[in-house]
Visitor: 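Please read through the structure below; I'll follow up with questions.
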Amino acid sequence: MSGEGDLNTSRFDGFEVFASVKADVLSGIKKLDDTTRNLQLSLGEWSRTLKQEGSFSDEVAEIIEQVSEIGKAVARDSMKVVFVGLTSAGKSTTINAMLGSRVLPTGFGHTTNRFISLFPTEEESAKLVDTATNESLRLDELDELANALSDIGVESDENEQELSELKLYWPVSKCELLQNDIVIHDSPGLSLTKGFDQWIENTVGDADVFVLVVNGEMALGVQATKFFEHVTKKVSRPNVFIVFNRWELAPTKCERVRNQLFHQARNLLVKQLGIYSEEELISRIFFVSAKEIVDYRYSDDADVKKVDTSSLGTDHLKWDNSIASRLKSFSMFESEFSSATSQHAIKTRFMSKVEESIKLASRCEKILDVVVSGLRSDMDNLEESLTTTQARLAEVTRKLHNTKTNSLEIAATVPMRIQAIIDSVTSDILSHELPKILRDHPSLCEFDTAESIAIEAVQLSEQLEASLKMELENRLSPQVLSIYDSSLQEISNSFQLLLADDENAHSSLRNSFRGNMTLDCSQLPHNFSPDVAFHFSWGWGAVSGFLPPSVRFMCETFADDASSRLRLSFNRLHKPSTDTQAIGEGKSTSSSMLQSATSFATDLGYILWDLSTSTPYGIAIATVLPYASTFVRKPWFRKLILGSAAAYGALYAFEYMSFTKDAKDRLFRSQFLAHSREKLEIAAASRARDAKDNAELDYKESIDSLCKKVEKNKLRLKETISKLETTLVHTSHLYDDAASMHKEIVHHKSTLQSLLFKHFQ
């Protein structure tokens, strides 16, 4: 809530905001009016210069008239408050308490038997006007007002004629509240229903606040509910205060009664009308005594003024019923009333007028836009073109380095990505697809001659090349081309921003990828040497794999030494020595052969002795020989040796007989697979490197070509700027005057817009 306030004066600080906003709005409209009149004076000369006399004179005259009418309307605008309530609820007393003056007559019954609108006037005496007869009475005293209200009261039955409105003009010098541009409408109770519909139609549509005054001794009543339901048909969310008056008649402890009345008010405002939340009710419902506030404010008795409100809290709905609480509650009501009235009036009275003034200022601005544009003629277009061209040249110069750097980064990374993709895809194809291709190829070769094997290798190579080409086209080409095209397109798009609209950066790019993504298999048979001869699976090569490395090495070394020594002795056996030849040719052949055999036997013995006495063979022989001689003498061991030899021979015979054409074909394909995979992996790596190098070359050529285009565009922009600067050599004096007034109009418009933002947002 706004505050507690001083009990001796009305709390109408909120109305000062209304006065301040009204002054600001009037000032802005007055400045706009002065400028539009100056525009009308200068428009004739401008129109003659532009040879457009009379083009805007009628429109400017219309704007001046509308601005003037808006200013007059703002000066006349006031806040509008409507007081309603049942008969004898104390509406007039409440109004008098707020006015700070006993303006309206009070008492028992229909003291206010007509619709009364209270207007402020600068005159020194009050005046009462009957709108039905236009009868006007000038009043000097309060008693005269009561008599006048009685004299022009309704003589016939109230239910037989409509109640007309009385306008009471009260001097602002006698009333603090009326000094704030406020108009008060008072109704003759809610029980008098004749004429209410027309009064609601004419009065409540632009009301800022409704004050429902309720007799605290009575319930809220269905009449109030029906009235506000009718009001909500005209006003979507009325601004309502409910004042329970005559609270001085309630007992000190009156929580039950106050809660009952509060719930009735809450039911009306929250549930039935739906215009407030529960939290807002504390600033909309008050329990007061208007009579006491009048007596308090107009009394000269010092004892009456001694009312202590310092012990009261902030929630007036929980106070005990005392004169202090009633007086302070009324003061709080006045504070909330002034704030709500002012805020609503500012928004509804001035917002539309400020918006209309902004529109009129915009119309003036458009007129001056046309005038300035005409006076500048081609100069404006040239200045705009010059600014645009200079900005374009600066932008191209600034962005060229970054664009080239980014493009070079793409040119450095994308070829490596292409190489990686080619390596990955070809590796996968060679690992998984190559065996399938070789396996699915039909073979008619007998593998009996070298020529047939060579033909089979050529056919396999051709089939392999065709199948790999299809696989690479399906899996590799789309990926590589997608990366290649998208990266070039990215480079093209970045350079396109630096070229003229009629130039196409894409024309500087290569139309296709130059990299070769096929694998040449024609050379595979040339250096392929297949071995399709029979090899026993349990030969030394297979058996040695089961032995420990040290044993296998010892056996292989022993076998190599023995074979080399035997081969040397055998060669000497077949090659006579020089000493033998020197004996003479007369000796017989048998003697020579005997000598050779003796020499071979001697050598063989020497070899055996050498092998048996050399380490580690001697140790092995010495260790094994005793056990071997023991086992050899046993029958089961000899049988085991013979059986093993027989089984080994049978296995050898079986494998040899099973080594058919199909076995040779499988052996041939496995060898060709290993050979082709090795060669094709090398070829694929070479293709990947070539693709990377070609891509790098393509990017370099494209970037160089695009950079040349950009340099040509920069040269053309410089030539255009030079021509524009040469053309822009003259100015217009009338343009300076028009531009100055244009700025003035824009300033007024901005001022009005700031008012709109400051007070109405």
Side-chain angles (χ1 to χ4, degrees), residues 1-2 80-95 98 115 184-193 196-197 199-201 203-247 249-250 254-290 315-319 321 326 329-330 332-341 343-344:
M1 296 182 65
S2 301
K80 190 173 182 180
V81 181
V82 176
F83 281 80
V84 294
L86 294 176
T87 304
S88 300
K91 298 187 298 299
S92 299
T93 306
T94 303
I95 294 173
M98 298 177 67
F115 295 112
I184 298 176
H185 297 274
D186 187 15
S187 68
L190 290 176
S191 59
L192 299 176
T193 59
F196 254 58
D197 287 345
W199 182 73
I200 292 173
E201 184 72 27
T203 306
V204 306
D206 59 345
D208 296 303
V209 170
F210 293 88
V211 180
L212 173 61
V213 182
V214 182
N215 189 339
E217 298 178 288
M218 304 173 62
L220 195 60
V222 296
Q223 295 92 336
T225 302
K226 292 181 178 179
F227 171 77
F228 282 107
E229 287 177 349
H230 200 159
V231 168
T232 54
K233 296 178 181 178
K234 307 295 181 183
V235 182
S236 60
R237 195 176 187 275
N239 211 352
V240 181
F241 287 89
I242 298 180
V243 176
F244 290 98
N245 193 23
R246 299 189 177 182
W247 202 239
L249 302 178
C254 55
E255 289 82 359
R256 185 178 61 82
V257 177
R258 181 166 54 195
N259 289 339
Q260 289 177 351
L261 295 176
F262 177 79
H263 287 306
Q264 292 177 10
R266 180 178 63 180
N267 186 59
L268 173 64
L269 298 178
V270 177
K271 296 182 178 180
Q272 295 180 2
L273 300 181
I275 57 177
Y276 294 116
S277 64
E278 294 283 350
E279 293 75 12
E280 294 174 305
L281 293 180
I282 191 173
S283 62
R284 296 292 165 172
I285 302 173
F286 297 89
F287 295 85
V288 303
S289 173
D315 188 352
H316 66 94
L317 298 178
K318 296 181 179 179
W319 295 342
N321 188 18
R326 293 190 294 273
S329 180
F330 194 89
M332 296 172 70
F333 157 67
E334 288 177 319
S335 178
E336 294 294 335
F337 166 81
S338 64
S339 177
T341 304
Q343 291 176 7
H344 188 274

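We count residues from 1, following the sequence as given.
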Visitor: Are the side chain of Thr232 and the backbone N or O of Glu229 linked by a donor-acceptor pair below 3.5 Å?
Guide: yes
Visitor: Which atom pair, heavy atoms only, marks the closest approach of Val235 to Pro238?
Guide: O-CD, 3.6 Å
Visitor: If you take all heavy atoms of Ser187 and Gly85, which pair is closest and at what distance?
Guide: OG-N, 4.2 Å
Visitor: Rounded to the nearest 0.5 Å, what separation is found between the OH atom of Tyr276 and the CZ atom of Arg284?
Guide: 3.5 Å
Visitor: State the CD-CZ distance between Glu336 and Phe286, to the nearest 0.5 angstrom.
Guide: 5.5 Å
Visitor: Between Leu261 and Met218, which heavy-atom pair has the shortest distance, and what is it?
Guide: CD2-O, 3.5 Å
Visitor: To the nearest 0.5 Å, tell me how far Thr94 OG1 sits from Phe337 CZ.
Guide: 11.0 Å
Visitor: Please list every donor-acceptor pair under 3.5 Å in which a side-chain atom of residues 262-271 meets a protein atom from a residue at least two apart or in another chain.
Guide:
residue: His263; atom: ND1; partner: Arg266; partner atom: NH2; Å: 2.5
residue: Gln264; atom: OE1; partner: Leu220; partner atom: N; Å: 2.8

Visitor: Measuring from atom CG of Asn245 to atom OG1 of Thr93, what distance do you get when rounded to the nearest 0.5 angstrom?
Guide: 7.0 Å
Visitor: Which heavy atom in Ser277 sits nearest to a heavy atom in Glu280, and how many Å separate them?
Guide: N-OE1, 2.9 Å
Visitor: Answer yes or no: is there a donor N or O on one side and an acceptor on the other, between the side chain of Asn321 and the main chain of Trp247, under 3.5 Å?
Guide: yes
Visitor: Counting only heavy atoms not in Arg237, do more than 12 fall under 6.0 Å of its CZ?
Guide: yes
Visitor: With a 3.5 Å cut-off and sequence neighbours excluded, list the donor-acceptor pairs that the side chains of residues 207-217 form with protein atoms.
Guide:
residue: Asp208; atom: OD1; partner: His344; partner atom: ND1; Å: 2.8
residue: Asp208; atom: OD1; partner: Ala345; partner atom: N; Å: 3.4
residue: Asp208; atom: OD1; partner: Thr348; partner atom: OG1; Å: 3.2
residue: Asp208; atom: OD1; partner: Arg349; partner atom: NH1; Å: 3.3
residue: Asp208; atom: OD2; partner: Lys80; partner atom: N; Å: 2.8
residue: Asp208; atom: OD2; partner: Arg349; partner atom: NH2; Å: 2.9
residue: Asn215; atom: OD1; partner: Glu217; partner atom: N; Å: 3.1

Visitor: What is the ring orientation for Phe333 with Phe330, classed by angle as parallel under 30°, tilted 30 to 60°, or perpendicular over 60°?
Guide: perpendicular
Visitor: Between Glu334 and Ser338, does any side-chain donor sit less than 3.5 Å from a side-chain acceptor?
Guide: no
Visitor: If you compare all heavy atoms of Met98 against all heavy atoms of Phe83, which two are closest, and at what distance to 0.1 Å?
Guide: SD-CZ, 3.6 Å
